[in-house]
Amino acid sequence: MEKILDIISKKMEQAFMDAGYDASYGRVTVSNRPDLCQYQCNGALSAAKAYKCAPIQIANAVVEHLSGADFSMCQAVMPGFINLNLSDSFLASYLEGMRTAPDFGVEKIGAGQTVVVDYGGANVAKPLHIGHLRPAIIGESLKRLHKFLGYNTIGDIHMGDWGLQMGLIIAELQERQPELPYFDPDFTGEYPTEAPFTLSELEEMYPTASGKKSDPVFSQKAHQATFELQNGRRGYRAIWRHIMNISVADLRKNYDNLNVYFEQWLGESDADPYIPAMVEDMKARGIAVQSEGAWVIPVEEEGDKKEMPPCILVKSDGSSIYATTDLATMVQRMQDWNPDKMLYVTDKRQNLHFEQVFRAARKAGIVRPETVLEHIGFGTMNGADGKPFKTRDGGVLRLEQLISDMTDFVRSKVLENKIVSDDEVEETTRKIAMGALKYGDLSNQPTKDYNFDMERFAAFEGNTGPYILYTIVRIKSILARYGAWEQLPIAPPANEYAKELMLCITKLSPALESALRTSSPNLICAYIYELAGAVNKFYHETRILTEENEALQQGYISLIALSKSILEQCIDLLGFSAPEKM
Ligand code: ARG
């Protein structure tokens, strides 16, 4: 469906033309004085300069040519503004269009385009910690938003599965169980299908090994093992597969718990086969140059305000680094999916890395000139006190722990308020906790740091996930008491609260499009917060279930039903859902 602003801008442009002025002056905007009008056009003010006459004269002439049916008011006011209010019938028919169209008539602006969202950022063999919450939540939401707006979307977790942590584990395993066949270079048989460690052993081995990095002998062994793994040593590849099997199963479980699902479970290791040819090609074409024994891609550009070090492609010891895998991954993505857009969701401290990689990719022609590359660098999540989030003993809090703390906190509220029957407690708790956690995060602009405040996030009032959920649940309960509501058409607003709510509903499309264009799920949150507010205001000021006038009541019901569907759709874009009761 066409957006309201576009519809009325067109009418305004036509009116400017009919009055003898250029159509380009007819752009309408949302009013910055909502107390005076809903929409406004300031075109007469700029037209006045071009046509050398008083703006109010132009505004008056234009208003003469605006057809009446769509506007309850169109007024020229000094010095030359045109103020507009939509007519009730226009509003009702627009909303009826939204109600009956697929996906509320939201325009599929991404149709025919493919986007890769690179998010999650999990590193194999290391448990997810709280630092992994933001990339998972923000990435999932951006992916869902793109999908809803028509893009073909591919979410790729891009696991860290190829670096030194693998060598560290191999070296640690060798110290503990040197007799295993993986370490016997002459072994030619089949390796055991059963891994020589469990998940919890693996989770203990990595930090232990990591703690020994300062021991030069051990460190050398780990580096050597990494090198041999990457160069195809059979026994090490077999250990690697064990680590992957165990670790990926656990990662899946954790991401499932968060309602986060990846279309692709690729990792740095999958980029590895693309590296040799890519590097050779870059050397041959002079894209990469030698510098102190390493191969680098200079990425400085004229007008750079800050220092822009070259992108290192191959280190002087011949090994590849983070940037190399990211470039090779782009080669793979372009070859397999030919995306129009690639989004990377990581901590903002990786800004420079991505700036270098993007420039190098463009310089080398790995992506098309028009391929959009964007790094969504998010800020830090701190504790409620604004200080870095730490466990009591100063360690890094595991993501599982954070989720279970939030769940416990919400469960106690659910039990205390006696909201649901015993068998529904867990499901209800889980949904509210997820809403609290995700909305608490996503309602902030991604680049900003924020404080994780469990009590505030889980509050049923205020700008919180549970407040939005509560609004949905409240509507559900009214609808359930009313009966069959699915076919009821939207009626013209019967009071000012209904009108406010209807105007708010019309802003769905613009809100989603701005959220997409600026990669800001917080704009979806802002929209539903406003919508929930308008619903609640309407609900408080209007007798709905006790209304005796049937037609009036049907109009109320269809309006809140549409509000509910939109709220549910939007929280789905944020990655959570509403319980039946709360
Ligand atoms: N594993 C990386 C980390 O822990 C994040 C990966 C982000 N994606 C990428 N294509 N570099 O920092």
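In listed order, ligands and their atoms are each counted from 1.
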So do the side chains of Ser565 and Phe104 get within less than 4.5 Å of each other, counting heavy atoms only?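 SC-SC contact between Ser565 and Phe104 confirmed.
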Side chains of Met159 and Val248: closer than 4.5 Å at any heavy-atom pair?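 With C-beta onward as the side chain, the pair touches.
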Is any N or O atom of Thr346, backbone or side chain, closer than 3.5 Å to an N or O atom of ligand 1?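 N/O-N/O distance under 3.5 Å: no.
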Could an N or O of ligand 1 be found under 3.5 Å from any N or O of Gly121, whether backbone or side chain? yes
Do the ring centers of [X] and [Y] come within less than 6.0 Å of each other?
| X | Y | answer |
| --- | --- | --- |
| Phe262 | Tyr255 | yes |
| Phe358 | Tyr344 | yes |
| Phe457 | Tyr439 | no |
| Tyr467 | Tyr529 | yes |

Of the side chain and backbone of [X], name the one, both, or neither that has a heavy atom under 4.0 Å from an atom of ligand 1.
| X | result |
| --- | --- |
| Asp347 | neither |
| Gln350 | side chain |
| Tyr119 | neither |
| Asp326 | side chain |

Assess the residue pair Glu175 and Phe218 against the criterion (side-chain contact (heavy atoms from CB on, under 4.5 Å)); give the C-alpha distance rounded to whole Å, side-chain angles, the decisive distance to 0.1 Å, and a yes or no. CA-CA 9 Å; Glu175 289 205 339; Phe218 184 80; 3.6 Å; yes
State the atoms of ligand 1, each with its element, that fall below the 4.0 Å cut-off from a heavy-atom position in Phe354. 9 (C), 11 (N)
Note: ligand 1 atoms sitting under 4.0 Å from heavy atoms of Tyr344 are 10 (N)
Can you tell me which residue and heavy atom of the protein come closest to [atom], and the distance to 0.1 Å?
| atom | answer |
| --- | --- |
| atom 5 (C) of ligand 1 | Tyr322 OH, 3.4 Å |
| atom 8 (N) of ligand 1 | Asp118 OD1, 3.0 Å |
| atom 1 (N) of ligand 1 | Asn123 OD1, 2.9 Å |

Under 6.0 Å from the ring centre and within 45 degrees of the ring axis: does the NZ or CZ of Lys438 meet both conditions for the six-membered ring of Phe576?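 Not satisfied by the 6.0 Å and 45° rule.
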